[in-house]
A.B. asks: 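My structure is below; once you've seen it, I'll send some questions.
A, B, ... follow the sequence lines: proteins, then strands. Residue 1 opens every chain.
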Amino acid sequence: MTVHSFQEHFDSLIDNDIAIEPKDWMPDDYRKTLIRQISQHAHSEIIGMLPEGNWITRAPSLRRKAVLLAKVQDEAGHGLYLYSAAETLGVSRDELYDQLHSGKAKYSSIFNYPTLTWADMGAIGWLVDGAAIMNQVPLCRTSYGPYARAMVRVCKEESFHQRQGFEIMLTLAKGTEVQKKMAQDAFNRWWWPSLMMFGPPDAESPHTAQSVRWRIKRLTNDELRQKFVDVTVEQAKVLGLDIPDKDLKWNEARGHFDFGAINWEEFKNVVKGNGPCNKQRLDTRRKAWEEGQWVRDAAQAHAQKRKEKMASAA
Amino acid sequence: MEKEITNKNEWPLWEVFIRSKAGLDHKHAGSLHASDAEMAIENARDVYTRRMEGVSIWVVESKNIHASDPGDASSLYEPATDKIYRHPTFYNLPDEVKYM
Amino acid sequence: MQSNTNSESPSSISAEARLEYTLQLADDALIIGHRLSEWCGHGPILEQDIALTNTALDHLGRARSLYQYAAEQFNNLPADAKSKFFTSIALQQLIASGSSIGEDDLASLRDGWDYRNALLLEQPNIDWAYTVARSFFYDSFNFLYFKQLSVSTDATLAAIAAKSLKEVTYHLRWSKEWVIRLGDGTEESHSRMQTAVNDLWMYTGELLSPNNTAQQTGVDSAALKQPWTDIITDVFKEADLKLPAGTWMQEGGRNGRHTEHLGYILAELQFMQRAYPGMEW
């Protein structure tokens with residue numbers, strides 16, 4: 001086949017919702033876009049372990065501690081599944097780590113915000129995981145097979161994450177005055193960054209159109225954001241929390257909630273590295289990776305020695 | 001693999017196959033890194049069976065998997081499409097004949 | 001405390017002694033689980049981050065079963081014995097109010113001197129070698145110990161031990177393999193592993209120190225010494241590590257006399273319950 005017919009074949013697979021698999025021909029840009037998107041997603045899982053991991057040793061009960069530990073561990077698992085999916089595109093996990101550690105790669109900037117109280121565990125589970133699930137469920141049908149399969153696994157495991165977060169919030173909301181205050185304070189801090197998680201508005205999102213065409217993305221940023229607001233406002237009512245947005249109101253004509261302007265200046269700055277925890281998060285990851293080098297080397301060296309021993313014994 | 005990844009510091013990549021319960025085939029679950037086969041099995045246990053997904057694990061180093069070329073798909077798989085006589089529905093049986 | 005040492009029957013053990021012993025087992029599980037959980041998000045490679053967290057969750061799960069059993073025992077004590085058992089103000093207040101106590105009260109409201117975990121388990125992670133050495137010393141002990149505990153005359157402890165034994169068998173497999181990998185890996189890993197082993201060695205004796213209640217319910221700690229030493233010796237041989245020559249052993253954890261590290265662990269572990277007393281989470 002000529003390049004032209006490769007392209008036609010690829011397009012027809014996409015149009016017919018047939019999955020692209022690792023050994024199939026694919027346009028370079030498709031491969032690059034996928035590597036970028038999957039690895040950003042993987043990095044987000046790994047960096048995302050840190051703000052919550054922060055509270056594992058301080059969880060208020062043994063039950064909460066076990067749940068949080070299992071949840072943060074799941075995020076490690078999700079990172080692993082996603083790195084594996086990226087690896088099928090011909091890039092190594094080490095290369096992707098280098099991109100993260102050097103600051104070249106991006107990750108979800110919500111994790112550059114601090115976790116200040118226990119209620120943040122509730123808010124993250126409820127809002128951040130809620131937003132993530134909304135992003136991720138459509139990706140279970142994304143065009144690249146290994147990515148879609150990783151996402152199916154992620155979504156299956158993720159389903160308890162949002163529930164445990166909501167349960168934490170509900171317990172606080174039904175609790176004492178100080179617990180209610182804690183819940184509202186966390187909600188105030190996480191609400192806007194959660195809306196930013198869906199990315200810039202469609203008009204300013206450079207990759208959206210192509211990504212939707214390739215079925216790497218299935219819904220646009222604004223569509224997902226609206227869906228999230230509509231669902232979450234109702235849930236906040238159940239919790240008896242105030243939405244920190246004076247412009248929020250039901251729009252009968254649209255059948256959706258209208259909401260106030262998002263501070264995209266803040267978003268851009270946090271993405272650029274000026275968030276409260278960007279440096280801290282990256283430093284922590286770099287440190288873990290660098291301090292693990294001798295461990296990884298040792299395991300390699302030992303495996304090699306064993307192989308040689310077995311060869312000489314045979 | 002699309003291209004050989006040569007990063008000599010990285011633990012090799014393994015493909016993991018899991019039997020979800022006795023009587024079923026091992027099915028591809030995903031992949032992971034491990035320094036040797038023993039660790040690969042343990043890592044697979046820790047990564048892919050946290051929710052009781054398995055009763056048996058196979059691992060094989062990814063570089064040892066040989067795959068067919070998608071470019072050959074038409075010559076490999078399409079010749080089977082006209083052999084419909086291999087399927088039981090090809091044959092007409094009188095209604096009186098049951099359980100065949 | 002009166003006890004009839006002639007009888008082997010469980011009823012000859014005082015309720016307080018049984019409770020103390022249960023707490024000792026629970027504290028071991030909680031403290032090692034806490035230490036291992038500190039690795040979550042900071043491991044040398046994702047796969048091992050996940051592996052170690054599985055182990056931390058096993059320990060935490062066991063701690064919860066044991067604290068629940070301890071709480072049940074405590075709540076059944078006569079009022080007089082209850083008021084004397086714990087010395088922390090927080091617990092005394094709770095008990096004086098007539099409330100029954102639960103697993104979290106035991107974990108979060110006891111003062112350090114009421115914690116009975118072995119000193120080994122509260123030692124800091126430092127690096128992968130220290131973590132592996134600490135786990136290996138404990139896992140090999142636990143493996144032998146839980147075999148005996150699983151046939152304890154105390155049915156609840158026996159049941160918990162029987163379940164844990166499966167987990168502990170895997171923990172030991174993991175830590176043993178890592179001792180060998182690091183010991184017989186690179187020059188650096190070998191030297192780090194040997195250093196960790198040397199430094200932690202003096203905390204191993206306490207694991208095997210005799211305990212009356214254990215003895216009376218069917219665990220003979222002294223009899224574990226030889227098989228434990230055999231496991232260590234065999235693995236060290238394969239790992240090309242030297243068995244430390246030191247014979248002086250640090251003890252105190254079993255009596256509530258700890259190293260400085262426990263205070264910091266409890267400061268984090270108990271923070272929420274102490275800062276916001278009496279709330280549901």
Side-chain angles (χ1 to χ4, degrees), chain A residues 42 45-66 68-70 72-77 79-80 83 93 97 117-118 168 171-172 174-176 178-179 182 284-285 287-306, chain C residues 30 33-50 52-54 56-57 60-61 63-64 67-68 102-104 106-108 127-129 132 177-178 180-190 192-193 239 265 267-273 275-276 278-281:
Chain A
E45 298 281 356
I46 300 311
I47 297 276
M49 295 172 77
L50 301 175
E52 288 175 285
N54 199 7
W55 280 87
I56 290 171
T57 55
R58 290 180 291 170
S61 72
L62 298 176
R63 174 173 174 265
R64 291 284 180 213
K65 192 186 178 75
L68 183 62
L69 188 52
V72 178
Q73 183 202 39
D74 273 352
E75 282 153 16
L80 192 154
Y83 284 127
R93 198 197 288 174
Y97 271 160
T117 73
W118 171 251
I168 290 174
T171 311
L172 295 174
K174 289 195 303 195
T176 60
V178 70
Q179 287 176 303
M182 216 182 254
T284 305
R285 278 313 310 164
K287 181 166 178 276
W289 185 245
E290 282 160 15
E291 289 180 356
Q293 189 63 53
W294 71 268
V295 179
R296 298 189 298 276
D297 289 347
Q300 282 274 65
H302 179 72
Q304 192 56 36
K305 279 186 191 176
R306 265 235 286 245
Chain C
L30 179 64
H34 183 96
R35 276 298 188 219
L36 296 179
S37 79
E38 291 174 350
W39 271 107
C40 186
H42 308 274
I45 188 163
L46 270 181
E47 284 80 353
Q48 289 298 314
D49 207 303
I50 293 169
L52 203 51
T53 303
N54 276 341
L57 283 166
L60 188 54
R64 292 190 63 192
Y67 282 130
Q68 285 160 13
E103 51 170 333
D104 289 313
L106 289 172
S108 298
D127 67 8
W128 197 249
V132 162
E177 282 174 10
W178 270 108
I180 294 167
R181 258 183 218 120
L182 296 185
D184 185 27
T186 61
E187 221 169 282
E188 178 179 8
S189 71
H190 176 80
R192 281 179 185 259
M193 195 63 222
I265 292 178
E268 289 193 35
L269 193 133
Q270 302 188 332
F271 160 63
M272 288 294 291
Q273 294 274 353
Y276 306 98
M279 297 179 200
E280 291 290 318
W281 299 98

A.B. asks: Would you mind checking which part of A:A303 comes under 4.5 Å of any heavy atom in chain C, side chain (CB onward), backbone (N, CA, C, O), both or neither?
C.D. replies: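 Contact with chain C is absent: no heavy atom of A:A303 under 4.5 Å.
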A.B. asks: Return the option, out of A:A288, A:S61, A:A66, A:A298, with the maximum number of heavy-atom pairs under 4.5 Å with chain C.
C.D. replies: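 Top option by heavy-atom pairs under 4.5 Å: A:A298.
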A.B. asks: Checking heavy atoms, do the side chain of C:L46, its backbone, both or neither come under 4.5 Å from chain A?
C.D. replies: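 Both parts, heavy atoms under 4.5 Å.
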A.B. asks: Where on C:D184 is there a heavy atom nearer than 4.5 Å to chain A: the side chain, the backbone, both, or neither?
C.D. replies: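 Answer is both: backbone and side chain atoms of C:D184 are under 4.5 Å from chain A.
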A.B. asks: Need one label for A:Q73: side chain, backbone, both or neither, based on atoms under 4.5 Å from any heavy atom in chain C.
C.D. replies: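 A:Q73 touches chain C through backbone and side-chain heavy atoms alike.
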A.B. asks: Which atom pair, heavy atoms only, marks the closest approach of A:L62 to C:Y67?
C.D. replies: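 Shortest heavy-atom separation between A:L62 and C:Y67 comes out as CD1-CD1, 3.7 Å.
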A.B. asks: Where on A:V295 is there a heavy atom nearer than 4.5 Å to chain C: the side chain, the backbone, both, or neither?
C.D. replies: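 Contact with chain C: backbone and side chain both.
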A.B. asks: Ignoring hydrogens, what is the shortest heavy-atom contact between C:S37 and A:T57? Give both atom names and the distance.
C.D. replies: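 Residues C:S37 and A:T57, closest heavy atoms: OG-CG2, 4.3 Å.
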A.B. asks: What part of A:K287 gets within 4.5 angstrom of chain C, counting heavy atoms only: side chain, backbone, both, or neither?
C.D. replies: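 Contact with chain C involves no heavy atom of A:K287 at all.
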A.B. asks: At a 4.5 Å cut-off on heavy atoms, which part of C:L52 comes close to chain A: side chain, backbone, both, or neither?
C.D. replies: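 Neither part.
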A.B. asks: Please flag which part of A:R285 lies under 4.5 Å from any non-hydrogen atom of chain C: side chain, backbone, both or neither.
C.D. replies: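 For A:R285, side-chain heavy atoms alone lie under 4.5 Å from chain C.
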A.B. asks: Go through the atoms of A:I46 and report whether side chain, backbone, both or neither lie under 4.5 Å from a heavy atom of chain C.
C.D. replies: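 For A:I46, the side chain is the part near chain C, not the backbone.
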A.B. asks: Which region of C:A129, side chain (C-beta onward) or backbone (N, CA, C, O), has a non-hydrogen atom less than 4.5 Å from a non-hydrogen atom of chain A, or is it both or neither?
C.D. replies: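 It is both, since atoms from each part get that close.
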A.B. asks: Is chain C contacted by the side chain of A:L172, its backbone, both, or neither, given a heavy-atom distance below 4.5 Å?
C.D. replies: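 Contact with chain C involves the side chain of A:L172 alone.
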A.B. asks: What are the two closest heavy atoms between C:C40 and A:L69, and how far apart are they?
C.D. replies: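 Smallest interatomic distance, heavy atoms only, reads CB-CD1, 4.0 Å.
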A.B. asks: Shortest non-hydrogen contact from C:W281 to A:T171?
C.D. replies: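 Nearest pair, atom of C:W281 first, then A:T171: C-CG2, 3.4 Å.
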A.B. asks: Which heavy atom of C:T186 sits nearest a heavy atom of A:A301, and at what distance?
C.D. replies: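 That would be CG2-CB, 3.7 Å.
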A.B. asks: When heavy-atom pairs shorter than 4.5 Å are enumerated against chain C, which of A:E290, A:Q304, A:R58, A:M49 gives the highest number?
C.D. replies: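 Of A:E290, A:Q304, A:R58, A:M49, A:R58 has the most heavy-atom pairs under 4.5 Å with chain C.
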A.B. asks: On a heavy-atom basis, which atom in C:P44 and which in A:G292 lie closest, and how many Å separate them?
C.D. replies: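 In this case the closest contact between C:P44 and A:G292 is CB-CA, 3.6 Å.
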A.B. asks: With a 6.0 Å cut-off (strictly less than), is the heavy-atom count around NZ of A:K305, excluding the residue itself, greater than 12?
C.D. replies: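 Counting neighbours around NZ of A:K305, more than 12 heavy atoms of other residues, nucleotides or ligands fall under 6.0 Å, so yes.
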A.B. asks: Before you tell me yes or no, could you show the steps for C:E188 and A:D297 under side-chain contact (heavy atoms from CB on, under 4.5 Å), namely the whole-Å CA-CA distance, both residues' side-chain angles and the distance that decides it to 0.1 Å?
C.D. replies: CA-CA 10 Å; C:E188 178 179 8; A:D297 289 347; over 6 Å; no
A.B. asks: Distance from A:E75 atom CD to C:D49 atom CG, nearest 0.5 Å?
C.D. replies: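 If I round to the nearest 0.5 Å, the distance is 11.5 Å.
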A.B. asks: Apply salt bridge (Lys or Arg N to Asp or Glu O under 4.0 Å) to residues C:E177 and A:R306 and explain how you reach the verdict.
C.D. replies: CA-CA 13 Å; C:E177 282 174 10; A:R306 265 235 286 245; over 6 Å; no
A.B. asks: Which value, rounded to the nearest 0.5 Å, describes the distance between C:E47 atom CD and A:L80 atom CG?
C.D. replies: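 It comes to 4.5 Å.
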A.B. asks: With rounding to the nearest 0.5 Å, note down the distance linking NE2 in C:H34 to CD1 in A:I56.
C.D. replies: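 The CD1 atom of A:I56 is 10.0 Å from NE2 of C:H34, to the nearest 0.5 Å.
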A.B. asks: Chain C heavy atoms under 4.5 Å from A:Q179: which part of the residue, side chain, backbone, both or neither?
C.D. replies: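 For A:Q179, side-chain heavy atoms alone lie under 4.5 Å from chain C.
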A.B. asks: For side-chain contact (heavy atoms from CB on, under 4.5 Å), just list the numbers for C:L182 and A:H302, CA-CA rounded to whole Å, side-chain angles, deciding distance to a tenth of an Å, and then say yes or no.
C.D. replies: CA-CA 8 Å; C:L182 296 185; A:H302 179 72; over 6 Å; no
A.B. asks: Taking C-beta and beyond as the side chain, do A:W294 and C:D127 meet within less than 4.5 Å on heavy atoms?
C.D. replies: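 Yes - at least one pair of side-chain heavy atoms lies under 4.5 Å apart.
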A.B. asks: So for C:W178, is it side chain, backbone, both, or neither that comes closer than 4.5 Å to the heavy atoms of chain A?
C.D. replies: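 Interface part for C:W178: side chain.
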A.B. asks: I need the single residue from C:Q270, C:M272, C:E280, C:M279 that forms a side-chain contact (heavy atoms from CB on, under 4.5 Å) with A:P60. Which is it?
C.D. replies: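 Only one option passes, and that is C:M272.
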A.B. asks: Using a 3.5 Å distance criterion without hydrogens, assess whether the side chain of A:R296 forms a donor-acceptor pair with backbone atoms of C:I45.
C.D. replies: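 Such a contact is absent between A:R296 side chain and C:I45 backbone.
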